[in-house]
Amino acid sequence: MKIEEKISQTVAGALKELYNLEASDQMIQLQNTRKDFSGDITLVVFPFTRFSKKSPEITATELGEFLKNEVEEVEDFNVVKGFLNLEINSRYWIRNLQEAWSEELFGVTIPDENAELIMVEYSSPNTNKPLHLGHIRNNLLGYSIAEILKANGYQVVKTNIVNDRGIHICKSMLAWQKWAKGETPESAGKKGDHFVGELYVEFNNHYKEEINELMAKGLSRKEAEEQAPSIREARDLLLKWENGDEEVVKLWQTMNNWVYEGFDSTYKKMGVDFDKIYYESETYLTGKEEVIRGIKEGIFEQRNDGSVWVDLTADGLDNKLLLRSDGTSVYITQDIGTAKMRFKDYEIDKMIYVVGNEQNYHFQVLSVILDKLGYNWGKGLYHFSYGMVELPGGKMKSREGTVVDADDLIAEMIQVARNMAQELGKLDALSSEEAERTYEMIALGALKYFILKVDPKKNMLFNPLESIDFNGNTGPFIQYTHARIQSVLRKAAEKSLSLKATLPKFPAQISVKEKELLKRVAQFPEVVKEAGVNYSPAVIANYCYELGKEYNQFYHDHPILAENDDPTRDLRLLLSATVGKVIKTGMKLLGIDVPERM
RNA sequence: GCCCCGAUAGCUCAGCUGGAUAGAGCAACUGCCUUCUAAGCAGUAGGUCAUGGGUUCGAAUCCCGUUCGGGGUACCA
């Protein structure tokens, strides 16, 4: 049994015996003792003073005496105001450490076949432009949360819905037809997604000019946007696509494939992957069918102009368009179809959508609509709503060219990591491939940690002028700590200090600082659980930093491999190895690799 | 207009379901590479937790008002 539980139960017994109080779990508040006070676990006694009818100090002392007698691990206690600080004996913490080390997957629960199946949708790109920093946040969060859920014992299917259909890709197609002169990514020497993205920008530039010209002729902006030749031609393409025009469909396939090649390389670089990919072109018809079924069943309403609507005012929402008057589908139509297909393909217990908070309303609507269509899982869908990445000037806008391109950013970070490592002469001993691999690990570690350490729900700021740090509270700091630990373990092995052999010999007392570290390590399983419950990689990121920092602070000037110092040295060695293991596990849940040396 | 979210050090962020003196990193300044990796360690300085009320033994945390910022809001995705 965990010590907290044991204390909690004993306190409940004490309250009954001493003050005749049936205390609820809520009343018994245990917390880690603050660093500035001595003790390990603190009980807050204020809530009991009403019943003890004694001062907080006396109440705390009485409870302290009781615990000291009843719980063998409680060695001593002290009282500060209404806080009862309990000191837990070293043996308990050392036993904890030994367990942590001997458990193959400390803190991680492996899902069995009966575990709940959760589908996590993330990434979900449009195929008309390359990925930018906003997508990076999405991808990293999606991947990490999937890993965290797995570590909490769920089966997880990672999925991606590619928005490969619609007016946006037609715009790029039109630009290619008109201005590309038969160029391909290969002939242009460009990554496929960037190639297509540039065509999209080119379309928009022409489109903008046309709008200005028409407005100069006296049309309103809305009329001009509607009547510009470019947009008409793009719509025409969309119509041809929907009618299966052979040439158009072929071009569509070709251009999408260019983009996919580009995306794949970016995904690979980021280290994210998917178990199942859906394409909007394959799901939107299902969505339409569902909407039509909804009309027949009287859930939705078709207006005179042919558009289809759903009235959600009874659910506190508005009226929502489901099909345009020309019969084409909108965003939510596709989500309905995709949801249906997914639940047909997998026995999903829970569906999680990793999508930005600008779509909070959309997912409220989707949830209600799916419920109305008779899917009992509609109500239970979870929108993992994350904040936007902002630039100092405000939101990233592709139209204004203020996006931070994913590939550029990653390449730049690798370059910085390389320069820095070479300057420090860090990896001179490694082969150039190994060194290159390590630079990437460090660069990606910095980027991923930078993104994942902040609360997913909140907007975050990225300043392109101040490149992402490699010092301080960063991924590389944690990687560095891990690398140092590995170095210590290598040196220990050279001295034939085997970890297993040292297990039984431990000192009776350990230093306060080391106990802090032991306690921190023991906390790891709870941290993983908390991250799972709150869908927050940030919880793990911040934990890894705290752990690494405490380790560095203590062992920076306390030798681990001191001679003639057996029991203490063995403990330090075991503690180091365990900290290394926990860091590696934690970072893996963030999708961050840790190098053996750096 | 209506709905949702946010505001903590110069900057970027932590602060768990209310608990002890508000926590890191960056930037600035001071020390430390004959000691297991200096991507590090030790230290100095920096705060009216936007603001005004309320709840309570106790509020950065919960409730209400105000200001500022962000997002959404019926044929974009």
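Every value quoted in this text rests on a predicted model; they were computed, and no experiment measured them. Chain identifiers are assigned alphabetically (A, B, ...) following the order of the sequence lines, protein sequences preceding nucleic acid strands; residue numbering begins at 1 within each chain.
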A/Ser123 (side chain) donor-acceptor with A/Pro125 (main chain) under 3.5 angstrom: no
If we ignore hydrogens and angles and just use 3.5 Å, is the side chain of A/Arg137 paired with the main-chain N or O of A/Gly387 as donor and acceptor?
yes
Applying a 3.5 Å limit to both distances, which nucleotide forms a Watson-Crick or G-U wobble pair with [N]?
{"N": "B/C62", "answer": "B/G54"}
{"N": "B/G40", "answer": "B/C32"}
{"N": "B/A45", "answer": "none"}
{"N": "B/U73", "answer": "B/G1"}
{"N": "B/A14", "answer": "none"}
{"N": "B/A20", "answer": "none"}

task: Output yes if the stacking criterion (under 5.5 Å between centres, under 30° between planes) is met for A/Phe46 over the base of B/G19, else no.
output: yes
- Does the side-chain ring of A/Phe83 sit on the six-membered ring of the B/G19 base, less than 5.5 Å centre to centre and under 30° in tilt? no
Of all the nucleotides listed ([options]), which has the minimum atom distance to the side chain of [X]?
{"X": "A/His556", "options": "B/G40, B/C36, B/G19", "value": "B/G40"}
{"X": "A/Tyr555", "options": "B/C36, B/G19, B/A20", "value": "B/C36"}
{"X": "A/Trp309", "options": "B/C41, B/C75, B/A39", "value": "B/C75"}
{"X": "A/Phe470", "options": "B/A74, B/G70, B/A39", "value": "B/A39"}
{"X": "A/Leu561", "options": "B/A24, B/A77, B/C36", "value": "B/C36"}
{"X": "A/Met420", "options": "B/G70, B/A39, B/G19", "value": "B/A39"}
{"X": "A/Pro47", "options": "B/A74, B/G19, B/U37", "value": "B/G19"}
{"X": "A/Asp557", "options": "B/C41, B/A20, B/A77", "value": "B/C41"}
{"X": "A/Phe477", "options": "B/G72, B/C41, B/G23", "value": "B/C41"}
{"X": "A/Glu280", "options": "B/A77, B/G71, B/G70", "value": "B/A77"}

Has the side chain of [X] got a donor or acceptor atom sitting under 3.5 Å from an opposite partner on the base of [N]?
{"X": "A/Asn85", "N": "B/A20", "value": "yes"}
{"X": "A/Asp305", "N": "B/C75", "value": "yes"}
{"X": "A/Thr42", "N": "B/A20", "value": "yes"}

Look at [X] and [N] and indicate whether a side-chain polar atom (N or O) is within less than 4.0 Å of OP1 or OP2.
{"X": "A/Lys35", "N": "B/G23", "value": "no"}
{"X": "A/Asn473", "N": "B/U12", "value": "no"}
{"X": "A/Lys458", "N": "B/C5", "value": "no"}
{"X": "A/Arg303", "N": "B/C75", "value": "no"}
{"X": "A/Lys549", "N": "B/G40", "value": "no"}
{"X": "A/Gln359", "N": "B/G71", "value": "no"}
{"X": "A/Arg597", "N": "B/C36", "value": "no"}
{"X": "A/Ser307", "N": "B/C75", "value": "no"}

* Would you say the side chains of A/Asp335 and A/His362 form a donor-acceptor pair under 3.5 Å? -> yes
Walking RNA chain B from its 5' end, the first of A/Ile485 and A/Arg34 to be reached, judged by nearest nucleotide, is A/Arg34
RNA chain B nearest-nucleotide lookup for A/Asn360 and A/Tyr439: closer to the 5′ end is A/Asn360
Exercise. Aromatic rings A/Phe477 and A/Tyr480: how do their planes relate, parallel, tilted or perpendicular, breaks at 30° and 60°?
Worked result: tilted
Residues [X] and [Y] bridged, charged N to O under 4.0 Å:
{"X": "A/Lys372", "Y": "A/Asp315", "result": "yes"}
{"X": "A/Arg165", "Y": "A/Glu282", "result": "no"}
{"X": "A/Asp326", "Y": "A/Arg324", "result": "no"}

- Query: Which part of the nucleic acid does A/Tyr545 contact within heavy-atom distance under 4.0 Å: base, sugar-phosphate only, or nothing?
  - Reply: sugar-phosphate
For A/Met460, which contact category applies under a 4.0 Å heavy-atom criterion: base, sugar-phosphate, or nothing?
sugar-phosphate
With syn defined as a glycosidic angle within 90 degrees of 0 and anti as anything else, the base of B/C62 is anti
Could you tell me the separation between the [atom1] atom of [X] and the [atom2] atom of [N], rounded to a whole number of Å?
{"X": "A/Ile478", "N": "B/G25", "atom1": "CD1", "atom2": "C1'", "answer": "12 Å"}
{"X": "A/Lys426", "N": "B/C33", "atom1": "NZ", "atom2": "C1'", "answer": "11 Å"}
{"X": "A/Leu238", "N": "B/C75", "atom1": "CG", "atom2": "P", "answer": "18 Å"}
{"X": "A/Gln334", "N": "B/C75", "atom1": "CD", "atom2": "P", "answer": "19 Å"}
{"X": "A/Tyr361", "N": "B/G70", "atom1": "OH", "atom2": "P", "answer": "22 Å"}

Using the [atom1] atom in both, what is the distance from [N] to [M], to the nearest Å?
{"N": "B/G15", "M": "B/U8", "atom1": "P", "value": "14 Å"}
{"N": "B/G46", "M": "B/A22", "atom1": "P", "value": "14 Å"}
{"N": "B/C57", "M": "B/G18", "atom1": "P", "value": "15 Å"}
{"N": "B/U34", "M": "B/G23", "atom1": "C1'", "value": "37 Å"}

| When the aromatic ring centroids of A/Tyr353 and A/Phe384 are compared, is their separation below 6.0 Å? | no
**Message:** Does A/Arg34 form a side chain to side chain donor-acceptor pair (under 3.5 Å) with A/Asn85? I'd like the steps, not just the answer.
**Reply:** CA-CA 9 Å; A/Arg34 282 183 67 114; A/Asn85 302 321; over 6 Å; no
